[in-house]
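Take a look at the structure below.
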Amino acid sequence: MMDDVRDVLINLIAAAIGAVTAWGYARIRRWRQQRRARRFWGPMASRGIIIVVSPQDRTMMDRWEPSGLIGMGDLVGLVSLQQQLQRIGCPVTVSTIEALNPEDHERDLVLLGGPDTNSLARRMLEHYDGKLTITVPGWRDHAVAFADTTTGKSYPPRQGEDGTYTADYGFVTRLPNYLANGRSSEVLILAGCWGFGTAGAAEAVGDADFLEHVAAEGNRCFESLVHTEVHLNSAHYTHPVLVRGVDTESATLR
């Protein structure tokens with residue numbers, strides 16, 4: 001009888017130790033993740049961020065919804081970003097480009113969408129033309145593929161035999177906000193060949209492995225390309241394809 005009681009107590013103690021260990025591991029993992037996230041967002045998180053979305057062409061979409069429509073990939077990316085920034089206590093405002101006032105352009109911004117859909121992202125990328133090695137050469141014709149000017153390699157989205165998309169690429173870059181008007185503000189641009197890549201890019205900036213790659217560059221300003229798998233019309237970030245520091249000659253932001 002005593003042996004049975006002892007065995008039960010041992011099992012209970014072992015279960016308790018296991019539960020405490022799992023709880024502690026989860027806490028440490030969450031703390032490390034939040035620490036990486038705070039380091040990544042840096043001063044942007046304490047100053048507060050405006051996430052800027054760009055509705056589809058209103059002249060084409062007004063008859064469907066006059067308030068404006070955004071792609072599902074942008075919406076998924078927006079939700080992901082809000083959740084990530086909420087965890088580190090960062091004040092977030094969501095706005096369309098049209099709703100920004102002149103002072104808002106000077107603040108820390110996250111721009112969802114590339115140059116063909118987000119005019120503010122286009123202005124930023126054009127301003128830093130020649131500094132970035134990842135480009136979208138066919139954006140004016142809506143030719144959706146990224147190009148690496150360093151290697152000459154192209155990164156188009158992939159489709160299966162049935163025509164559905166199986167993979168996309170996302171672009172992530174952080175640059176000084178050249179519209180800052182004396183402020184120390186930055187811009188983070190998240191864009192994909194399609195919305196799948198935009199969603200993957202937003203997921204990437206919350207991924208520990210991706211944040212480690214960015215930190216390893218040792219440069220506050222960077223550009224990167226990330227791979228996104230597409231399954232049942234849903235995007236899932238998988239890994240960084242490349243991460244490079246960007247020399248913007250803005251030492252004050254480093």
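Source: prediction; values computed, not measured. Scope of the values below: all heavy atoms of this structure, side chains included, with no hydrogens, waters or symmetry mates.
Val144 is not connected to Leu225 by any chain of hydrophobic side-chain contacts under 4.5 Å among Ile, Leu, Val, Met, Phe, Trp and Tyr, and they are in different clusters. Under a hydrophobic-cluster definition in which Ile, Leu, Val, Met, Phe, Trp and Tyr are linked whenever side-chain heavy atoms come within less than 4.5 Å, directly or via other members, Trp194 and Val136 are assigned to different clusters. When hydrophobic clusters are built by joining Ile, Leu, Val, Met, Phe, Trp and Tyr residues whose side-chain heavy atoms come closer than 4.5 Å, directly or via intermediates, Ile97 is grouped together with Leu175.
Among all heavy-atom pairs drawn from Gln82 and Val94, the shortest one is NE2-CG2, 3.5 Å. Shown here for Val230 and Asp168, the closest heavy-atom pair between the two residues is CG2-N, 4.3 Å. Taking all atoms of both residues into account, the shortest heavy-atom contact from Ala167 to His227 is CB-NE2, 3.7 Å. The two residues Val205 and Leu188 make their nearest non-hydrogen contact at CG1-CD2, 4.4 Å. Minimum interatomic distance between Ala145 and Cys193 (heavy atoms only, all atoms of both residues): CA-SG, 4.0 Å. Minimum heavy-atom separation, Ala235 to Thr228: CB-CG2, 3.6 Å.
Checking side-chain atoms of Thr198 against main-chain N and O of Gly113 turns up no donor-acceptor pair under 3.5 Å. A side-chain donor-acceptor contact under 3.5 Å links Glu203 to the backbone of Tyr237. The backbone N or O of Leu132 sits nowhere less than 3.5 Å from a side-chain atom of Glu223 that would complete a donor-acceptor pair. Listed for the Thr173 side chain is a donor-acceptor partner under 3.5 Å among the backbone atoms of Phe222. Looking at Arg39, its side chain never comes within 3.5 Å of a backbone N or O of Leu211 through a donor-acceptor pair. Between the side chain of Ser95 and the backbone N or O of Val52 there is no donor-acceptor pair closer than 3.5 Å.
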Take Leu242 and Tyr155 through the test side chain to side chain contact (heavy atoms under 4.5 Å, CB included) and record every step on the way to the result.
CA-CA 12 Å; Leu242 59 89; Tyr155 295 89; 4.2 Å; yes
Assess the residue pair Leu100 and Leu120 against the criterion (side chain to side chain contact (heavy atoms under 4.5 Å, CB included)); give the C-alpha distance rounded to whole Å, side-chain angles, the decisive distance to 0.1 Å, and a yes or no.
CA-CA 11 Å; Leu100 293 174; Leu120 193 51; 3.9 Å; yes
Worked check of side chain to side chain contact (heavy atoms under 4.5 Å, CB included) between Val241 and Lys153:
CA-CA 12 Å; Val241 177; Lys153 187 174 180 179; over 6 Å; no
Verify side chain to side chain contact (heavy atoms under 4.5 Å, CB included) between Gln84 and Ile88, making sure each step is shown before the conclusion.
CA-CA 7 Å; Gln84 294 172 38; Ile88 61 173; over 6 Å; no
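Here Asn177 contributes atom CG and His105 contributes atom NE2; the two are 9.0 Å apart, rounded to the nearest 0.5 Å. Distance check: His236 NE2 to Phe196 CZ gives 10.5 Å after rounding to the nearest 0.5 Å. Taking CZ from Phe171 and CZ from Phe146, the interatomic distance works out to 7.0 Å, rounded to the nearest 0.5 Å. Here CD of Glu212 is found 10.0 Å from CG of Asp207. Values are rounded to the nearest 0.5 Å. Taken to the nearest 0.5 Å, the CG atom of Asp104 stands 4.0 Å off from the CD1 atom of Ile50. Remark: Leu125 CG to Lys131 NZ distance equals 14.5 Å, nearest 0.5 Å.
In this structure the side chain of Leu81 reaches within 4.5 angstrom of the side chain of Leu112, judged on heavy atoms. Residues Ser224 and Val214 form no side-chain contact, since every pair of their non-hydrogen atoms from C-beta on lies 4.5 Å or further apart. Side-chain contact between Arg220 and Pro43 is present, with at least one heavy-atom pair separated by less than 4.5 Å. At a threshold of 4.5 Å between non-hydrogen side-chain atoms, the residues Val246 and Asn219 do not count as touching. Side-chain atoms of Met72 and Asn233, non-hydrogen and from C-beta on, never get closer than 4.5 Å to each other.
Ring planes of Tyr178 and His127: parallel class, angle under 30° (limits at 30 and 60°).
Within 6.0 Å of NE2 on His239 lie more than 12 heavy atoms contributed by other residues, nucleotides or ligands. Under a cut-off of 6.0 angstrom, the local environment of CD in Gln159 is crowded, with over 12 non-hydrogen atoms contributed by other residues, nucleotides or ligands.
Remark: Asp108 engages Arg47 in a salt bridge (Lys or Arg N to Asp or Glu O under 4.0 Å) (not counting sequence neighbours).
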